[in-house]
Amino acid sequence: MVKVYSYKDNDAIAKSLAKFIIAQQDSVLATRDQFNIAISGGSLVNILTKGLLDNKDINWSKWVIYFSDERIVPLNDKDSNFGAFEKEVLAPLAHHGKIGPTIVTINESLIHSSDHSTDAKIAQEYESKLPVNGLDLVLLGAGPDGHTCSLFPGHKLLNEKTLNVASLDDSPKLPPRRITLTFKYLAKCSTLAFVATGASKQASLKDVFENSESKLPCALVNKLANDVKGGVCWFVDDAAVEGIQIEKSQY
Ligand SMILES: O=C1O[C@H](COP(=O)(O)O)[C@@H](O)[C@H](O)[C@H]1O
């Protein structure tokens, strides 16, 4: 089942998403000592900053954070998804003297500026660090073109059946070299939660929610809802889903 939680603005989403994440965290930590979560880059980071940074219920030291996709650039590059999270969340956390999470990044030493041949190795090594049975929670973004992770409309990786993490060097959104979780791995994870805000997402979300034949990557994730124990849900603002026939609720 796919649930859509809709709010008026980013502040309201941030508050509700934080409550949702904490509920997932608490239910996992009641059974084991580690909460495995993947985050995405882009606009999600700002919402996470608002919702998580000063939140006393986050048990950061028990979190292991992965990335649903990463750009193959140095970790301190402005395009790095880790870099954005580090700047917005990890550095302020450290500044507040909090024990931070464990972070699983790509192996920077394998990045060679013009040689793409090690990109598959970067993906392979990242895959070896992931829990084999999937993550507890994956926070996904949704691009205006309907992409999620670094799975782009019409790209051959939409049909990847073997790899859990794949590399690409032809991303239509810059930068071109990336690694991404594949649908194969997303299907093993416990809960998948999208965050999509702003009117630029409206056209692709209309296709995702109103066209049962949609081939957009976000729609293909929705189709995993029956494989994924905790289901697929969406945290959206009113602008992103305006005029779309969809049943909305609040978490
Ligand atoms: O390139 C990427 O874009 C997507 C969507 O970003 P948004 O800014 O439109 O929310 C993001 O989820 C992904 O992690 C990132 O690499």
Side-chain angles (χ1 to χ4, degrees), residues 4-7 9-10 13-14 17 21 37-51 65-90 103-106 111 119 122-123 126 130 135 137-155 157-158 165-183 185-186 189 191-208 216-222 224 232-237 239-241:
V4 180
Y5 303 120
S6 166
Y7 304 88
D9 57 26
N10 281 8
I13 293 184
L17 179 68
I21 294 172
I37 178 171
I39 61 164
S40 295
S43 54
L44 173 71
V45 177
N46 180 259
I47 290 175
L48 291 178
T49 309
K50 283 182 196 287
I65 302 182
Y66 300 82
F67 291 87
S68 72
D69 69 322
E70 183 56 285
R71 291 87 176 272
I72 300 184
V73 293
L75 297 175
N76 64 1
D77 190 284
K78 66 171 181 24
D79 282 329
S80 163
N81 284 343
F82 162 79
F85 188 69
E86 140 89 0
K87 183 167 163 232
E88 299 299 326
V89 179
L90 298 175
I103 310 287
V104 182
T105 63
I106 56 170
I111 303 175
D119 293 2
I122 293 173
Y126 202 78
L130 285 167
L135 296 159
L137 175 63
V138 182
L139 297 177
L140 295 164
D145 59 354
H147 85 269
T148 188
C149 301
S150 281
L151 297 164
F152 290 90
H155 195 277
L157 283 183
L158 303 190
V165 180
S167 64
L168 61 158
D169 64 2
D170 57 356
S171 163
K173 177 177 173 182
L174 296 176
R177 291 167 65 191
R178 294 159 174 244
I179 63 160
T180 182
L181 298 183
T182 61
F183 290 120
Y185 191 75
L186 291 174
C189 296
T191 302
L192 306 177
F194 281 99
V195 178
T197 58
S200 69
K201 314 278 160 101
Q202 214 181 86
S204 60
L205 293 197
K206 192 167 178 62
D207 193 59
V208 168
L216 290 180
C218 291
L220 301 178
V221 172
N222 278 355
L224 299 177
V232 176
C233 63
W234 287 75
F235 288 80
V236 297
D237 67 355
V241 290

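Start at 1 and go down the list; that is how both ligands and their atoms are numbered.
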### Query
Would you find a donor on one side and an acceptor on the other, under 3.5 Å apart, between the side chain of S204 and the backbone of P144?
yes
### Query
Hey, is the main chain of L17 close enough, under 3.5 Å, to the side chain of Y5 for a donor-acceptor pair?
no
### Query
Tell me: protein heavy atom nearest atom 16 (O) of ligand 1, and distance?
D69 OD2, 2.5 Å
### Query
Going by distance only, is there an N or O of C149 that falls short of 3.5 Å from an N or O of ligand 1?
no
### Task
Could you list the atoms of ligand 1 found under 4.0 angstrom from a heavy atom of G42?
6 (O), 8 (O)
### Query
D145 side chain to F152 main-chain N or O, any donor-acceptor pair under 3.5 Å?
no
### Message
List ligand 1 atoms under 4.0 Å from S40, heavy atoms only on the residue side.
### Response
12 (O), 14 (O)
### Message
Could you work out, for atom 6 (O) of ligand 1, the closest of R71, R178, H147, K173 by heavy-atom distance?
### Response
K173
### Query
What heavy-atom pair brings S150 and D69 nearest, and what distance separates the two atoms?
OG-OD2, 2.7 Å
### Query
In terms of residue, atom name and distance, what is the protein heavy atom nearest to atom 12 (O) of ligand 1?
G141 CA, 3.3 Å
### Message
For atom 11 (C) of ligand 1, what's the nearest protein heavy-atom neighbour? Residue, atom name and distance, please.
### Response
G41 O, 3.9 Å
### Message
With a 3.5 Å distance limit and no angle check, can you tell me whether D237 reaches the backbone of D9 through a side-chain donor-acceptor pair?
### Response
no
### Message
Any side-chain to backbone donor/acceptor pair from S40 onto L139? Under 3.5 Å, distance only.
### Response
yes
### Query
Do S80 side-chain atoms and N76 backbone N/O form a donor-acceptor pair below 3.5 Å?
no
### Query
Taking T148 for the side chain and G141 for the main chain, is one N or O donor matched with an acceptor at less than 3.5 Å?
yes
### Task
Would you kindly specify which portion of V195 sits under 4.0 Å from ligand 1, judged on non-hydrogen atoms: side chain, backbone, both or neither?
neither
#### Entry: Residue, atom name and distance, where the atom is the protein heavy atom closest to atom 9 (O) of ligand 1
K201 NZ, 2.9 Å
### Message
Taking only non-hydrogen atoms of E70, do any sit less than 4.0 angstrom from ligand 1?
### Response
no
### Message
Nearest non-hydrogen contact with atom 10 (O) of ligand 1 belongs to which option: S43, A142, A196?
### Response
S43
